[in-house]
Amino acid sequence: MSEVDDRQTRERLAAEVSRRARERGRTVAVAESLTGGMIAVDLAAAEAASEWFRGSLVAYASETKHEVLGVPDGPVVSAEAAGAMARGIRRLLNADLAVAVTGAGGPGSQDGRDPGTVFLAVQDGDDVEVLRLDLDGSPEEICSATAEAALRALVERLG
């Protein structure tokens, strides 16, 4: 898929997040690491974002994850870190639903994880679901695929 196709897919998914969030009266927040704000850009551009999108935090540095989002000491490319990021951003922004992503985008490894290893967490109430993604491609392709997966997770969780 081309970069244009990837962007169009993410735009369609963000539009669906917008529709479902507004229909259900739900708010959404995002904590991002390797994607550097890509998910937030997609959501902010969706229709009526000011009604349902609470905001985002790009916690690129490990210290930010630990100090601001409450990620426990240890590796930040992990299921535990992703879950803590989702819980932290949901609490900080008082959102109904949160998604968080952390991973090794490449070209090198991080925290002993191969490039393309991504953890995606979605929190809705007390329930936190964490998925591990094993993606291939350049750092840009890994980031785009991660953003798309996060948007798909939001659509699914919004039912």
Side-chain angles (χ1 to χ4, degrees), residues 1 3 6-7 9-14 16-18 20-21 26-46 49 52-72 74-93 95-124 127-158:
M1 216 188 265
E3 185 177 324
D6 289 349
R7 179 75 181 137
T9 297
R10 292 196 329 264
E11 286 173 358
R12 282 193 301 275
L13 289 166
E16 186 63 19
V17 170
S18 172
R20 291 180 185 206
R26 310 287 308 282
T27 57
V28 175
V30 179
E32 301 182 64
S33 181
L34 79 150
T35 50
M38 289 176 75
I39 301 163
V41 167
D42 293 334
L43 292 175
W52 55 269
F53 184 41
R54 299 289 295 173
S56 71
L57 174 68
V58 176
Y60 205 77
S62 296
E63 295 80 16
T64 304
K65 291 176 191 71
H66 296 301
E67 295 169 10
V68 178
L69 293 173
V71 172
V76 295
V77 180
S78 67
E80 295 77 19
M85 290 170 65
R87 285 188 297 277
I89 198 64
R90 183 172 175 262
R91 177 186 44 79
L92 284 171
L93 299 185
D96 298 313
L97 175 62
V99 67
V101 295
T102 184
S109 62
Q110 182 179 349
D111 287 341
R113 303 286 189 170
D114 291 332
T117 304
V118 174
F119 293 92
L120 183 157
V122 182
Q123 188 194 20
D124 185 1
D127 182 32
V128 178
E129 177 184 6
V130 181
L131 307 171
R132 177 183 168 144
L133 309 174
D134 293 299
L135 304 170
D136 292 318
S138 68
E140 295 81 11
E141 291 166 330
I142 289 167
C143 288
S144 182
T146 300
E148 182 177 326
L151 293 168
R152 286 187 191 283
L154 287 171
V155 168
E156 182 179 305
R157 189 55 68 98
L158 285 164

Can you find a pair of side-chain heavy atoms, one from Leu92 and one from Val68, that are under 4.5 Å apart? yes
Would you find a donor on one side and an acceptor on the other, under 3.5 Å apart, between the side chain of Arg90 and the backbone of Asp96? yes
What verdict does the side-chain contact (heavy atoms from CB on, under 4.5 Å) test give for Leu120 and Val130, after you've listed the backbone C-alpha separation in whole Å, the side-chain angles of each residue and the deciding distance to 0.1 Å? CA-CA 6 Å; Leu120 183 157; Val130 181; over 6 Å; no
Could I get the full list of side chain to side chain donor-acceptor pair (under 3.5 Å) partners for Arg26, not counting sequence neighbours? Asp124
Side-chain touch Met85/Val76, heavy atoms, less than 4.5 angstrom: no
Using 0.5 Å steps for rounding, measure from the CZ atom of Arg54 to the CG atom of Leu43. 14.0 Å
So do Ile89 and Val30 actually touch side chain to side chain, heavy atoms under 4.5 Å? no
Nearest heavy atoms of Ala153 and Val122, plus distance in Å: CB-CG2, 3.6 Å
Nearest 0.5 Å please: distance from the CD1 atom of Ile39 over to the CZ atom of Phe53. 9.0 Å
Given side chains that start at C-beta, do those of Glu129 and Arg157 come closer than 4.5 Å, heavy atoms only? yes
Heavy-atom closest contact (Ala98 atom, Ala86 atom, distance): CB-O, 3.5 Å
Quick one: side chain to side chain donor-acceptor pair (under 3.5 Å) partners of Asp136, sequence neighbours excluded? none
Compare every heavy atom of Ala84 with every heavy atom of Gly70, then report the nearest pair and how far apart it is. O-CB, 4.0 Å
Atom pair CD/CG of Glu141 and Asp6 - distance to nearest 0.5 Å: 8.0 Å
Yes or no on side-chain contact (heavy atoms from CB on, under 4.5 Å) for Ser144 and Arg10, after CA distance, side-chain angles and deciding distance? CA-CA 9 Å; Ser144 182; Arg10 292 196 329 264; 2.9 Å; yes
Any side-chain heavy atom of Met38 sitting closer than 4.5 Å to one from Val101? no
In Å, rounded to the nearest 0.5 Å, how long is the span from CG of Leu133 to OG1 of Thr146? 6.0 Å
Closest approach of Ala31 and Leu69, non-hydrogen atoms and distance? CB-CD1, 3.9 Å
Using only heavy-atom distances, determine whether the side chains of Lys65 and Thr102 contain a donor-acceptor pair under 3.5 Å. no
I need the Asp134 CG to Ile142 CD1 distance, nearest 0.5 Å. 10.5 Å
Determine whether a donor-acceptor pair (N or O, by modelled atom type, separation under 3.5 Å) exists between the side chain of Glu32 and the backbone of Gly37. yes
Heavy-atom closest pair (Val155 atom, Val17 atom, distance to 0.1 Å) is CG2-CG2, 3.5 Å
Please determine if Glu156 and Arg152 form a salt bridge, counting it only when a charged side-chain N lies under 4.0 Å from a carboxylate O. no
With no hydrogens and no angle check, is any side-chain donor or acceptor of Thr35 less than 3.5 Å from a backbone partner on Cys143? no
Closest non-hydrogen contact found for Ala59 with Ser33 is O-OG, 3.5 Å
Using the side chain to side chain donor-acceptor pair (under 3.5 Å) criterion, which residues pair with Ser18? Sequence neighbours excluded. Arg22, Trp52
Can you tell if the side chain of Arg12 reaches within under 4.5 Å of the side chain of Leu151, non-hydrogen atoms only? no
